[in-house]
Amino acid sequence: MKNYKIALLAGDGIGPEVMKEAVKVLKLVEQRNQDVSFELNDVLFGAAAYFATGKSFPEETIKACDEADAILKGTIGLSHEESKKIPVDEQPERGALLPLRRRYNTYANFRPVYLPKALSHFSPLKQEVIGEGIDIMIIRELVGGLYFGHKEVGIDENGKRYVREVLEYDEDQIRQIIKVGFEVAQKRKKVLHNIHKSNVLKSSVLWNEIVDEVAKDFPEVEVKNILVDAAATYLCLNPAQFDVMVMENMFGDILSDQGGGILGSLGLMPSACKGPEKSYYEPSHGSAPDIAGQGIANPYSMIGSVALMLEMSFGMEQEAKNLWAAMQSVFAAGYSTPDLSKDSEATLITTEKFGDMVCEALAKMPVA
């Protein structure tokens with residue numbers, strides 16, 4: 001019997017609603033796989049944690065995460081006005097999310113941009129652009145760059161307010177994420193798109209030098225270098241040209257959100273954030289406080305994060321595939337939630353019902 005400890009960080013907004021459906025799936029997976037058990041520890045994180053404890057990432061949560069084999073994180077954050085009630089350094093992104101990433105060195109962020117042809121009606125792109133479907137893996141460096149560099153605010157000698165934020169990378173940080181990009185490309189179509197801005201940024205010059213060095217260890221992988229602004233354009237005009245894309249932190253933040261846009265919603269994009277010893281998994285979308293509590297948010301991205309966790313942390317590759325198929329079968333049968341559907345012919349269901357239907361479909365599948 002394999003026992004896995006999972007820290008559940010439901011978070012804010014729609015986080016608890018979609019996390020509830022993820023837990024439902026985990027319990028079914030446990031029932032289906034007699035050699036696996038999950039120990040679930042539900043702890044506070046984000047704004048909810050701040051209002052309860054005075055810290056967005058409180059000690060109890062840190063302890064639970066330290067002891068966990070993997071972390072399943074929901075959405076965090078509040079509306080702009082509500083966020084003002086929290087001190088700047090304790091607001092969920094600064095006070096919880098970045099410290100989580102730093103603590104476990106989750107340097108490799110995987111965001112699958114996946115839309116099979118049967119679900120192409122979700123995308124705002126024309127059918128001829130989508131073609132046979134979209135299947136891209138965006139790999140983003142997650143613990144370096146502008147987001148983690150030195151930050152300073154103050155008043156200069158002329159009495160003017162200023163801000164200074166430093167983009168910092170060393171070669172080891174770059175090399176470890178580039179290596180991940182090559183390893184994933186080697187297992188897929190053996191093409192790696194390296195996204196950079198070396199015509200302006202010295203950081204990209206160093207980045208590209210290291211890409212060339214690592215490429216020598218992966219002779220079968222073709223490297224295609226592309227400027228980040230051109231990549232943004234091509235994601236809309238011809239997404240099928242991409243398979244694996246690797247990039248630094250801020251580029252990855254922006255382009256992966258654009259990836260959600262070409263799918264039709266970030267609600268269709270789960271993610272994995274992997275470190276050398278521990279990983280966390282989360283939906284890519286925000287906390288959507290405007291629809292929280294209404295039961296209309298789709299849990300696909302949250303449940304998809306469970307699928308990534310099963311595969312990447314627990315080695316349950318076939319069950320992960322089953323879960324993906326179960327989720328997509330609900331859409332293929334003509335069901336959707338109000339937050340996602342632009343198709344007037346879709347049968348609209350609640351967050352809970354979507355989770356139930358995923359479980360019903362998964363339950364019918366053979367166990368590996």
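This structure is a prediction, so every number in the text was calculated from the model and none was measured.
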Side chains of [X] and [Y]: closer than 4.5 Å at any heavy-atom pair?
{"X": "V166", "Y": "L146", "value": "no"}
{"X": "L268", "Y": "V113", "value": "no"}
{"X": "S123", "Y": "L115", "value": "yes"}
{"X": "F182", "Y": "L192", "value": "yes"}
{"X": "M137", "Y": "M245", "value": "no"}
{"X": "H285", "Y": "T75", "value": "yes"}
{"X": "M357", "Y": "I349", "value": "yes"}
{"X": "L308", "Y": "W324", "value": "yes"}

Seminar exercise, completed: Sorted by chain and number, sequence neighbours left out, ring-ring contact (aromatic ring centres under 6.0 Å, His included) with Y4 holds for F314
Counting neighbours of [atom1] on [X] that are heavy atoms of other residues, nucleotides or ligands and sit closer than 6.0 Å, is the number greater than 12?
{"X": "E60", "atom1": "CD", "answer": "no"}
{"X": "Q127", "atom1": "CD", "answer": "yes"}
{"X": "Y335", "atom1": "OH", "answer": "no"}
{"X": "K151", "atom1": "NZ", "answer": "yes"}

Atom pair [atom1]/[atom2] of [X] and [Y] - distance to nearest 0.5 Å:
{"X": "L100", "Y": "I71", "atom1": "CG", "atom2": "CD1", "result": "5.0 Å"}
{"X": "Q173", "Y": "W207", "atom1": "CD", "atom2": "CH2", "result": "10.0 Å"}
{"X": "Y281", "Y": "T106", "atom1": "OH", "atom2": "OG1", "result": "10.5 Å"}

Problem set entry | Y104 six-ring face occupied by K278 cation (under 6.0 Å, within 45°) | yes
Side-chain ion pair, [X] and [Y], N-O less than 4.0 Å:
{"X": "K179", "Y": "D217", "value": "no"}
{"X": "K27", "Y": "E30", "value": "no"}
{"X": "K84", "Y": "E81", "value": "yes"}
{"X": "R140", "Y": "E248", "value": "no"}
{"X": "E82", "Y": "K85", "value": "yes"}
{"X": "R188", "Y": "D243", "value": "yes"}
{"X": "R111", "Y": "D257", "value": "yes"}
{"X": "E90", "Y": "K55", "value": "yes"}
{"X": "K5", "Y": "E67", "value": "no"}

For this session: I would like to know whether K20 and E17 meet salt bridge (charged side-chain N to carboxylate O under 4.0 Å, His left out); could you show each step before the answer?
Result: CA-CA 5 Å; K20 180 181 176 182; E17 297 169 60; over 6 Å; no
Problem set entry | Aromatic centroids of F331 and Y300 separated by under 6.0 Å | yes
Exercise. Looking at the rings of F242 and Y234, which for Trp means the six-membered one, are their centres under 6.0 Å apart?
Worked result: no
For the residue pair [Y] / [X], report whether a side-chain donor-acceptor contact shorter than 3.5 Å exists.
{"X": "Q91", "Y": "Y50", "result": "no"}
{"X": "N225", "Y": "N194", "result": "yes"}
{"X": "N322", "Y": "Q318", "result": "yes"}

Problem set entry | Evaluation steps, salt bridge (charged side-chain N to carboxylate O under 4.0 Å, His left out), between K190 and E222 | CA-CA 6 Å; K190 295 182 170 53; E222 178 185 4; over 6 Å; no
Problem set entry | Shortest non-hydrogen contact from S284 toward L266 | O-CD1, 4.1 Å
Problem set entry | Donor-acceptor contact below 3.5 Å, side chain D156 vs main chain N158 | yes
